[in-house]
A.B. asks: 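Could you have a look at this structure, given as structure tokens, before my questions?
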Amino acid sequence: MHDAAVATVRVALHDTDDLTRVGLASCINQDRRLSLTETADADVVVLVQETTGSHAMETLRSLSSGAAKRFLLIVDGDWRPYISTAVQHGVRAILWRARFSHTSFLHTIHAVSNGGGVLPPSLQGTLLDEHQRVQRDVLAPLDLTMCGLTTREVDVLQLIAEGFDLKEIAQKLAYSERTIKNILYQVMARYGLRNRVHAVSLAIRSGLI
């Protein structure tokens with residue numbers, strides 16, 4: 001039976017030299033689930049950077065402005081000081097040029113297109129260290145979670161999502177019903193939400209539910 005596989009992931013090769021572009025394009029063309037396209041239309045943008053620093057960050061910033069993009073970087077150098085900024089600008093995966101392989105390249109494209117992330121262990125450690133530092137020094141003193149909600153707000157939204165009414169939530173959390181109403185009102189006012197359903201949608205988007 002004839003293989004009916006079709007391209008499902010659009011990949012752009014941005015700002016690479018001719019030799020690198022030919023090599024990467026050859027890899028992509030061997031996978032019928034992938035197709036080459038322009039940066040503006042891509043599901044995954046592959047960016048090759050020989051050096052780290054402000055120029056690389058500016059390139060990412062300009063590409064990610066105005067549209068959410070998922071980037072796969074093929075890089076050299078020490079990216080530890082820049083990993084948080086890179087992630088903020090849409091980087092979901094980094095491959096070292098010195099360890100590049102056809103198999104890992106294609107696997108990483110598919111992982112990124114499916115919402116996953118692929119980072120070298122050293123960069124994973126750096127990112128976790130920075131996450132802990134922000135949580136400890138910035139968010140915890142304000143009783144905030146990484147999504148910008150307080151722990152009380154998270155508790156209330158989770159219980160609303162589970163179908164409890166405000167009176168039941170007040171009993172479970174040992175607050176007055178008025179306090180629960182105020183907590184919910186503050187969340188809705190801060191994020192411009194219309195009602196409780198909209199508030200639960202925020203919790204879902206934030207990964208709380």
Side-chain angles (χ1 to χ4, degrees), residues 8-10 40-45 57 60-73 80-94 108-121 123-209:
T8 57
V9 181
R10 298 166 298 176
D41 301 320
D43 300 308
V44 179
V45 179
M57 291 300 102
L60 278 172
R61 187 178 296 109
S62 63
L63 289 173
S64 61
S65 62
K69 291 292 182 185
R70 292 174 176 173
F71 294 97
L72 188 172
L73 299 188
R80 286 174 297 178
Y82 306 97
I83 184 60
S84 288
T85 304
V87 169
Q88 289 173 18
H89 292 311
V91 171
R92 302 298 295 264
I94 290 180
T108 302
I109 289 175
H110 286 292
V112 171
S113 72
N114 289 325
V118 179
L119 295 174
L123 295 184
Q124 292 180 36
T126 298
L127 198 58
L128 289 172
D129 288 342
E130 292 188 9
H131 181 284
Q132 290 177 333
R133 188 161 51 250
V134 169
Q135 181 67 44
R136 181 187 65 243
D137 298 338
V138 179
L139 299 178
L142 299 174
D143 191 34
L144 292 176
T145 62
M146 288 298 292
C147 66
L149 297 169
T150 69
T151 53
R152 290 203 311 177
E153 290 167 347
V154 170
D155 291 340
V156 170
L157 291 178
Q158 288 178 332
L159 290 171
I160 289 175
E162 293 174 16
F164 294 100
D165 61 30
L166 297 187
K167 183 177 180 179
E168 292 171 323
I169 294 172
Q171 292 173 343
K172 284 182 172 294
L173 299 181
Y175 296 134
S176 69
E177 189 172 347
R178 181 179 181 84
T179 297
I180 299 301
K181 289 179 179 179
N182 286 338
I183 291 171
L184 186 58
Y185 173 79
Q186 289 169 6
V187 173
M188 293 170 63
R190 190 187 320 145
Y191 292 97
L193 307 176
R194 297 185 300 274
N195 50 43
R196 296 177 194 175
V197 173
H198 204 184
V200 170
S201 296
L202 170 68
I204 292 173
R205 292 196 303 271
S206 300
L208 302 174
I209 300 174

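In this chain, residues are counted from 1 in sequence order.
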A.B. asks: Using the test side-chain contact (heavy atoms from CB on, under 4.5 Å), find all partners of R10 that sit at least two apart in sequence or belong to another chain.
C.D. replies: S35, T37, D41, D43
A.B. asks: With sequence neighbours left out, what residues match D155 under salt bridge (charged side-chain N to carboxylate O under 4.0 Å, His left out)?
C.D. replies: none
A.B. asks: For T85, which residues count as a side chain to side chain donor-acceptor pair (under 3.5 Å) partner, sequence neighbours excluded?
C.D. replies: none
A.B. asks: Using the side-chain contact (heavy atoms from CB on, under 4.5 Å) criterion, which residues pair with E162? Sequence neighbours excluded.
C.D. replies: L159, F164
A.B. asks: Go through the steps for H89 and F71 under the test side chain to side chain contact (heavy atoms under 4.5 Å, CB included), then give the verdict.
C.D. replies: CA-CA 9 Å; H89 292 311; F71 294 97; 5.6 Å; no
A.B. asks: Test of understanding: with side-chain contact (heavy atoms from CB on, under 4.5 Å), list the residues that count as partners of T108, not counting sequence neighbours.
C.D. replies: L72, A93, L95, V112, V118
A.B. asks: How many angstroms lie between atom CZ of R80 and atom OG1 of T126, to the nearest 0.5 angstrom?
C.D. replies: 6.0 Å
A.B. asks: Does Y191, at its OH atom, have more than 12 non-hydrogen atoms belonging to other residues, nucleotides or ligands within less than 6.0 Å?
C.D. replies: yes
A.B. asks: Please name the pair of heavy atoms, one in K69 and one in L63, separated by the smallest distance, quoted to 0.1 Å.
C.D. replies: CG-O, 4.1 Å
A.B. asks: How many angstroms lie between atom CD of Q186 and atom CZ of R152, to the nearest 0.5 angstrom?
C.D. replies: 7.5 Å
A.B. asks: When rounded to the nearest 0.5 angstrom, what is the spacing between CG in L184 and CD1 in I169?
C.D. replies: 8.0 Å
A.B. asks: Please table the atom pairs, donor to acceptor, closer than 3.5 Å between any side-chain atom in residues 194-202 and protein atoms at least two apart or in another chain.
C.D. replies:
from : atom 1 : to   : atom 2 : distance (Å)
N195 : OD1    : V197 : N      : 3.2
N195 : OD1    : H198 : N      : 2.8
H198 : ND1    : R194 : N      : 3.1
S201 : OG     : V197 : O      : 3.1

A.B. asks: Which residues pass the side chain to side chain donor-acceptor pair (under 3.5 Å) test with S176, not counting sequence neighbours?
C.D. replies: T179
A.B. asks: May I have all residue pairs that pass salt bridge (Lys or Arg N to Asp or Glu O under 4.0 Å) and include part of residues 163-176, sequence neighbours excluded?
C.D. replies: none
A.B. asks: Please give me the minimum heavy-atom distance between I109 and V44, naming the atom from each residue.
C.D. replies: O-CG2, 3.9 Å
